[in-house]
A.B. asks: 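Okay, handing you the structure first.
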Amino acid sequence: MFGARCLLRALRFCSSSPCPRHKPSAKLSVRDALRAQNASGERVKVQGWIRSVRSQKEVLFLHVNDGTSLESLQVVADSSFDSRELAFGSSVEVQGQLVKSPSKRQNVELKAEKIEVVGNCDAKDFPLKYKERHPLEYLRQYPHLRCRTNVLGSILRVRSEATAAIHSFFKDNGFVHIHTPIITSNDCEGAGELFQVEPSSKIKVPEENFFNVPAFLTVSGQLHLEVMSGAFTQVFTFGPTFRAENSQSRRHLAEFYMVEAEISFLENLQDLMQVMEGLFKTTTMTVLSNCPEDVELCHKFIAPGQKIRTYAKKQLSNWGADLHTEHEKYLVKHCGNMPVFVINYPLKLKPFYMRDNEDSPQHTVAAVDLLVPGVGELFGGSLREERYHFLEQQLARSGLTEAYQWYLDLRRFGSVPHGGFGMGFERYLQCILGIDNIKDVIPFPRFTHSCLL
């Protein structure tokens, strides 16, 4: 194996290899071409897909997009180019001079010297039509093509930017990124709505498990993060989770992404809520700063400077009753249509791992939800029960003592007060973009009776 020094030497050697004498046209993304400050005839090459074609007697206008920006680059070509192959949806490579545009609609344009059609597109058969604004419901029928529309392009760029912002927030605040397993033997939520994992092989011994125990697709990485929080004071994970809910509602997916964090030596909800609020605001400000056109296209954004208020659940609902989506949205509206924390839920409504507040007769746990406009619950978190005997009693009442003996061990060996939270990533995107259906903010939605591609 390479030692670190040998590897560095090899990398330096690779990077110092001589460049070819002939300098080809500089390859630019559409975004970089549009941002060019000194467009003075530099020869460039742009690759992408044709979004529109307009032919005049002596001039041919194309708009080319490569997914790096909402705005397309205008290409001006001589009418001698064969416009029959230059159709909406076709992929092209254009070489020419990047010059200032005489039009006020764009700063620069590409004066084409060579246009190569890389892949033809039959506009008649293509399900996406030029100048037609297709409803999101229609686009869901074509998961392999819908990313080529402006609206899905904007949503997916925002998704990418938000992903990077979330990772940056955790890195800047000293969190360690943990890859929690997708296959697990634990049911974190106790909901029972799990996908069981079994080998597809026909040669299967009856009554025998591949892993010797029943295995499932994960519904949460929380319990594995709690393991890691015994060695690292701040950890997070960001990955797919699965829920076998038989629902086709606007709020449910069978596969979705969760952002989860766990913090050791955490003794009160207020400190946990500060991290939740910081993640929400920092990510949103980054998205609004870096993707303003994409967010504007979705006709919805949230002011990141709004102060999040805190209310106790016992002040706003019949005691002991759970909150449903309509209740959550009402609370948000009642509190000025801004994000709001709800804290201290009845113990009987929550999973075994939440910390008992010891506040009879209400008997609550130190749990917190962050509700946001248009979505309802976005974050869910709690202090975890770090006291061995309290946790032992909770597991015994739930009949889980044997299955979670390892979880009790965490309380026997160097236990500390700790807490954590999870944020549904698709719900976050719905919140900041105002997208009504969760199926429209994920590239390939999976839900009951639908697994296209």
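Quick caveat: nothing in here was measured; it's all calculated off a predicted structure.
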A.B. asks: With rounding to the nearest 0.5 Å, note down the distance linking OH in Y404 to CG in L395.
C.D. replies: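 CG of L395 is found 8.5 Å from OH of Y404.
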A.B. asks: Quick check for you: to the nearest 0.5 Å, what is the distance between L279 atom CG and L370 atom CG?
C.D. replies: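 Reported value, rounded in 0.5 Å steps: 10.0 Å.
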A.B. asks: Is it the case that atom CD in E358 sees more than 12 heavy atoms from other parts of the structure closer than 6.0 Å?
C.D. replies: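 Yes, CD of E358 has more than 12 neighbouring heavy atoms, counting only those of other groups under 6.0 Å.
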A.B. asks: Determine whether N246 and H449 satisfy the following criterion, side chain to side chain contact (heavy atoms under 4.5 Å, CB included), listing intermediate values before the conclusion.
C.D. replies: CA-CA 9 Å; N246 187 17; H449 307 307; 4.3 Å; yes
A.B. asks: Heavy atoms only: give me the nearest S264-F232 pair and the separation to one decimal.
C.D. replies: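 Smallest interatomic distance, heavy atoms only, reads OG-O, 3.9 Å.
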A.B. asks: So how far is it from H167 NE2 to T283 OG1, rounded to the nearest 0.5 Å?
C.D. replies: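 Taking NE2 in H167 and OG1 in T283, the distance rounds to 10.5 Å.
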A.B. asks: Please, which pairs that meet salt bridge (charged side-chain N to carboxylate O under 4.0 Å, His left out) have at least one residue in residues 256-271, sequence neighbours excluded?
C.D. replies: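 Found E262-R384.
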A.B. asks: Flag the pair V64 / Q47 as yes when at least one side-chain heavy-atom distance between them is below 4.5 Å, and no otherwise.
C.D. replies: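 No. Closest side-chain heavy atoms not under 4.5 Å.
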A.B. asks: Testing the 3.5 Å rule here: is there a donor-acceptor pair between the side chains of D66 and S29?
C.D. replies: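 No - no donor-acceptor pair under 3.5 Å links their side chains.
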A.B. asks: With ring-ring contact (aromatic ring centres under 6.0 Å, His included) as the test, would you mind laying out the steps for F425 and F238 before giving the verdict?
C.D. replies: CA-CA 9 Å; F425 186 50; F238 187 171; 5.0 Å; yes
A.B. asks: Does atom CZ of F61 have more than 12 heavy-atom neighbours from other groups under 6.0 Å away?
C.D. replies: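 Result for CZ/F61: enclosed.
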A.B. asks: Between atom CZ of F447 and atom CZ of R250, what is the distance when rounded to the nearest 0.5 Å?
C.D. replies: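 The CZ atom of F447 sits 14.0 Å away from the CZ atom of R250.
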A.B. asks: Taking all heavy atoms of G419 and all of L272, pick out the closest pair and write down the distance.
C.D. replies: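 So the minimum-distance heavy-atom pair works out to C-CD1, 4.3 Å.
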A.B. asks: Quick one: CD on Q393 to CG on D356, what's the gap to the nearest 0.5 Å?
C.D. replies: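 So the gap between those two atoms works out to 9.0 Å.
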A.B. asks: Of all heavy-atom pairs between P445 and L253, which one has the smallest distance, and what is that distance?
C.D. replies: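 The answer is CB-CD2, 3.9 Å.
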A.B. asks: Given side chains that start at C-beta, do those of I442 and R159 come closer than 4.5 Å, heavy atoms only?
C.D. replies: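 They are in contact (side-chain heavy atoms under 4.5 Å apart), so the answer is yes.
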A.B. asks: Might you work through the side chain to side chain contact (heavy atoms under 4.5 Å, CB included) test for L400 and Y407, ending with a clear yes or no?
C.D. replies: CA-CA 10 Å; L400 298 172; Y407 194 67; over 6 Å; no
A.B. asks: Mind checking what makes side-chain hydrogen bond (donor to acceptor under 3.5 Å, both in side chains) contact with N437, not counting sequence neighbours?
C.D. replies: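 side-chain hydrogen bond (donor to acceptor under 3.5 Å, both in side chains) list for N437, sorted by chain: empty.
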A.B. asks: How far apart are the closest heavy atoms of L371 and E377, and which atoms are they?
C.D. replies: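 Taking L371 first and E377 second, the nearest heavy atoms are CD2-CA, 3.6 Å.
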A.B. asks: Got a sec, which pairs hit ring-ring contact (aromatic ring centres under 6.0 Å, His included) with one end in residues 248-271, sequence neighbours left out?
C.D. replies: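 As it turns out, there is no ring-ring contact (aromatic ring centres under 6.0 Å, His included) pair with a partner in residues 248-271 once direct neighbours are skipped.
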A.B. asks: Once side-chain contact (heavy atoms from CB on, under 4.5 Å) is applied, do any residues pair with A87, and if so which ones, sequence neighbours excluded?
C.D. replies: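 For A87, the residues satisfying side-chain contact (heavy atoms from CB on, under 4.5 Å) (neighbours in sequence not counted) are S90.
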A.B. asks: With side chains defined as the heavy atoms from C-beta onward, is the minimum distance between L73 and V108 less than 4.5 Å?
C.D. replies: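 Of all side-chain heavy-atom pairs linking V108 with L73, at least one is under 4.5 Å.
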A.B. asks: Only counting residues at least two apart or in another chain, list the ones meeting side-chain hydrogen bond (donor to acceptor under 3.5 Å, both in side chains) with R427.
C.D. replies: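 For R427, no residue satisfies side-chain hydrogen bond (donor to acceptor under 3.5 Å, both in side chains) once neighbours in sequence are set aside.
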A.B. asks: Going by heavy atoms in the side chains, are N186 and H224 under 4.5 Å from each other?
C.D. replies: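 With C-beta onward as the side chain, the pair touches.
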A.B. asks: Considering residues at least two apart in sequence or located in another chain, which fulfil the salt bridge (charged side-chain N to carboxylate O under 4.0 Å, His left out) criterion with R251?
C.D. replies: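 For R251, no residue satisfies salt bridge (charged side-chain N to carboxylate O under 4.0 Å, His left out) once neighbours in sequence are set aside.
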A.B. asks: Judged by atom type as modelled, is there a donor-acceptor pair below 3.5 Å linking the side chain of T364 to the main-chain atoms of N357?
C.D. replies: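 Not a single qualifying donor-acceptor pair exists.
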A.B. asks: Under a 3.5 Å distance rule, please check whether D294 uses its side chain to pair with a backbone N or O of V158 as donor and acceptor.
C.D. replies: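 Side chain of D294 to backbone of V158: no pair is present.
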A.B. asks: Could you go through residues 168-183 and list every donor-acceptor pair under 3.5 Å that involves a side-chain atom there, pairing it with any protein atom two or more places apart or in another chain?
C.D. replies:
{"from": "S168", "atom 1": "OG", "to": "A164", "atom 2": "O", "distance (Å)": "3.0"}
{"from": "N173", "atom 1": "ND2", "to": "F169", "atom 2": "O", "distance (Å)": "2.7"}
{"from": "T180", "atom 1": "OG1", "to": "T237", "atom 2": "OG1", "distance (Å)": "3.3"}

A.B. asks: Whether the side chain of R157 engages the backbone of G67 through a donor-acceptor N/O pair (distance < 3.5 Å, no angle test) should be reported.
C.D. replies: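 Judged by distance alone, yes, a pair lies under 3.5 Å.
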A.B. asks: How about R105: does its CZ atom have over 12 heavy atoms from other parts shown lying under 6.0 Å from it?
C.D. replies: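 12 or below, so no.
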A.B. asks: Checking E293 now: which residues fulfil side-chain contact (heavy atoms from CB on, under 4.5 Å) with it, not counting sequence neighbours?
C.D. replies: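 For E293 the side-chain contact (heavy atoms from CB on, under 4.5 Å) partners, ignoring immediate neighbours, are L70.
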A.B. asks: Side chains of F280 and V372: does their closest heavy-atom pair fall under 4.5 Å?
C.D. replies: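 They are in contact (side-chain heavy atoms under 4.5 Å apart), so the answer is yes.
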A.B. asks: Mind jotting down which residue pairs meet the ring-ring contact (aromatic ring centres under 6.0 Å, His included) criterion with at least one end in residues 128-164? Sequence neighbours excluded, please.
C.D. replies: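 Residue pairs with at least one partner in residues 128-164: F88-Y130, H134-Y138, Y138-Y142.
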A.B. asks: Check P339 against P373 and note the closest heavy-atom contact, atom names and distance.
C.D. replies: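 Scanning both residues, the minimum pair turns out to be N-CD, 4.0 Å.
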A.B. asks: Run N65 and W49 through side chain to side chain contact (heavy atoms under 4.5 Å, CB included) and show every step you take.
C.D. replies: CA-CA 5 Å; N65 194 287; W49 293 267; 6.0 Å; no
A.B. asks: Could you check if a side-chain atom of L269 sits within less than 4.5 angstrom of a side-chain atom of N344, using non-hydrogen atoms only?
C.D. replies: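 Yes. Closest side-chain heavy atoms under 4.5 Å.
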A.B. asks: I'd like to check the salt bridge (charged side-chain N to carboxylate O under 4.0 Å, His left out) partners of R446; sequence neighbours left out, ordered by chain and number.
C.D. replies: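 Once residues adjacent in sequence are excluded, the partners of R446 under the salt bridge (charged side-chain N to carboxylate O under 4.0 Å, His left out) criterion are E255.
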A.B. asks: List for me each residue that meets side-chain hydrogen bond (donor to acceptor under 3.5 Å, both in side chains) alongside Q234, sequence neighbours excluded, and say none if there are none.
C.D. replies: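 Partners of Q234 by the side-chain hydrogen bond (donor to acceptor under 3.5 Å, both in side chains) criterion come out as none, since no residue qualifies.
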A.B. asks: For residues L452 and F444, determine if any side-chain heavy atom of one lies less than 4.5 Å from a side-chain heavy atom of the other.
C.D. replies: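 Side-chain contact under 4.5 Å: no.
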A.B. asks: Tell me whether Q430 contacts the main-chain N or O of I435 through its side chain, where contact means a donor paired with an acceptor under 3.5 Å.
C.D. replies: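 At least one qualifying donor-acceptor pair exists.
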A.B. asks: Less than 4.0 Å between a side-chain N and a carboxylate O, is that true for R35 and D32?
C.D. replies: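 Between R35 and D32 there is no salt bridge, as every charged N stays at least 4.0 Å from the carboxylate O atoms.
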A.B. asks: Shortest non-hydrogen contact from S154 to L297?
C.D. replies: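 Reported closest heavy-atom pair: OG-CD2, 3.2 Å.
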A.B. asks: How far apart are the C-alpha atoms of F421 and V275, what are their side-chain angles, what is the distance that settles it, and do they pass the side chain to side chain contact (heavy atoms under 4.5 Å, CB included) test?
C.D. replies: CA-CA 9 Å; F421 62 82; V275 180; 3.8 Å; yes
A.B. asks: Heavy-atom distance under 4.5 Å between the side chains of S382 and V365, does that happen here?
C.D. replies: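 No - every pair of side-chain heavy atoms lies 4.5 Å or more apart.
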A.B. asks: Would you sort out whether Y353 and E226 count as a side-chain hydrogen bond (donor to acceptor under 3.5 Å, both in side chains), showing the intermediate values?
C.D. replies: CA-CA 11 Å; Y353 51 75; E226 285 197 61; over 6 Å; no
A.B. asks: The criterion is side-chain hydrogen bond (donor to acceptor under 3.5 Å, both in side chains); which residues satisfy it with E385, sequence neighbours excluded?
C.D. replies: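 Checked E385 against side-chain hydrogen bond (donor to acceptor under 3.5 Å, both in side chains); matches are R387.
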